[in-house]
Amino acid sequence: MKNSTDIDHLIASLPKDATCYGYCTTCDEVHYLTEGNSRKYALELMAELEQNKRIDFHTPDPEPIFSTDCLWEKRGGQMFGVLECVDADGNTVVLRAFSGQFNTRWQAEGWVPPTFDLEGYSRMLPKIESSVQQMTDDIESCQQKADQCTLKFEEAMRSGGRAAQKDCRRQMREALKALALAKKNRRTYSQSMLSVFQDLYQLQNFKGDQRSILNVFYEDRGIPTGSGDCCAPKLLHAAAQNGLTPLGLTEFYFGKENKASTRFHKEFYPGCKNKCQPILGYMLCGL
Ligand SMILES: [Zn+2]
Ligand SMILES: [Zn+2]
C-alpha cells in the first residue's frame with residue numbers, strides 16, 4: 001500500500017488525456033482510462049441537451065421533472081458523462097450518465113442507473129424515516145420536560161423549602177439526563193443507518209469482483225456522502241455489469257456555474273479527487 005504522496009506522484013505522471021484514474025490497492029498501482037474517442041460523444045450529448053432542453057429525450061412522453069431548466073436555477077448545474085465501450089462482438093456502445101440525482105430522480109430512460117441497490121433503498125427508506133421521526137419526537141418531549149423541571153427548580157430556589165428544592169433539583173437532573181440520552185440515541189442510529197445505506201453500493205469491476213463501497217474506499221477519513229454517485233463510477237459499474245469493455249470516458253458540467261466557481265458550463269473535468277479517486281482504482285481493475 002502506497003502513501004498518498006506516492007499516489008499523487010503516480011497520478012501526476014499519467015498521460016495528459018487521462019480522465020478517470022485511481023489507486024488500486026490490490027495491484028499497488030494506479031489504473032486509468034483516457035478520453036479516447038469519447039469527447040465526440042460528449043459533444044453530441046451536449047448538443048442534444050441544448051436542443052431538447054430535457055434529459056428524457058428517448059421517451060415520446062416527456063415528464064416535466066426531466067426538463068433541464070432546473071440546471072439554471074439556484075441549485076446550479078450538474079455533471080454529465082459518456083463512456084465509449086465495445087461489446088463482445090466488437091460493436092461500439094456509448095453509455096450516458098448524470099451525476100447523483102437529476103431533479104430528485106435517480107433513474108431516467110436512456111441513462112445508466114445508480115450504482116446502489118435502488119429497490120433495497122426504497123424499501124428501507126420509509127422505515128428509517130419513521131424511526132428518525134420517532135426519535136425526534138422523543139427528543140422534543142424530553143426537551144419540554146427538561147424545560148418544565150428547570151423552571152420548577154428555579155421557582156423552588158426562590159421560594160421553596162429545602163426539601164422541595166432538593167426534590168426539584170433531582171427531577172431536573174433526571175430530565176436533562178433523559179434528554180441527553182434521547183439525543184445520543186438518534187445520533188447513534190443515524191450513524192449506523194449511514195453505513196447500512198453505504199453497504200447498498202455493491203461496485204463491480206472488470207475482474208468480475210463485486211464489493212461493497214465500504215470495502216473499496218481505501219482512505220480512512222470516512223466515505224464522503226455521494227461517493228459512487230458521480231458519472232465515472234456509474235458508467236464503469238454499468239459497463240462491467242453488461243460485459244462491455246470501456247475505451248474512453250469524458251465528463252462535463254452543464255448548467256449554471258457552481259457556488260464555489262470550480263465548475264463551468266460545458267467545461268470538461270476529470271474524475272473528482274475526494275469521492276471518486278479512492279474507488280476508481282478498484283473499479284478500473286481488470287481492464
Ligand atoms: Zn466524483
Ligand atoms: Zn488492480
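First listed ligand is number 1; within each ligand, the first listed atom is number 1. Everything numeric in this text was worked out from a predicted model, so none of it was measured.
- Salt-bridge formation is detected for the pair D8/K273: a Lys NZ or Arg NE/NH1/NH2 atom is positioned less than 4.0 Å from an Asp or Glu carboxylate oxygen.
- Donor-acceptor pairing under 3.5 Å is recorded for the side chains of D28 and Y23.
- Among protein atoms, those of element N, O or S found less than 2.8 Å away from the Zn ion (ligand 2) are C24 SG, C27 SG, H31 NE2, C285 SG.
- Excluding water, every protein N/O/S atom under 2.8 Å from the Zn ion (ligand 1) is given here by residue and atom: C230 SG, C272 SG, C276 SG.
- The aromatic rings of F268 and F252 lie perpendicular to each other, with more than 60° between the two planes, well past the 30° mark.
- Atom CZ of R221 has more than 12 heavy atoms from other residues, nucleotides or ligands within 6.0 Å.
- The pair R158-E154 fails the salt-bridge criterion, with no side-chain N (NZ, NE, NH1 or NH2) lying under 4.0 Å from an Asp/Glu carboxylate O.
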Donor-acceptor pairs are to be reported for all side-chain atoms of residues 239-251 against protein atoms at under 3.5 Å, with residues two or more places apart or in another chain.
{"unit_1": "N242", "atom_1": "ND2", "unit_2": "A238", "atom_2": "O", "d": "2.7"}
{"unit_1": "T250", "atom_1": "OG1", "unit_2": "S38", "atom_2": "OG", "d": "2.6"}
{"unit_1": "T250", "atom_1": "OG1", "unit_2": "R39", "atom_2": "N", "d": "3.4"}

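- Residue F80 is tested with Y269, W111, Y253 for a ring-ring contact (aromatic ring centres under 6.0 Å, His included); the sole match is W111.
- Judged purely by atom type and a 3.5 angstrom limit, Q210 uses its side chain to pair as donor or acceptor with the backbone of Q202.
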Enumerate, atom names and distances included, each donor-acceptor pair closer than 3.5 Å involving a side-chain atom of residues 138-146, sequence neighbours excluded.
{"unit_1": "S141", "atom_1": "OG", "unit_2": "D138", "atom_2": "O", "d": "3.2"}
{"unit_1": "Q143", "atom_1": "NE2", "unit_2": "D147", "atom_2": "OD1", "d": "3.3"}

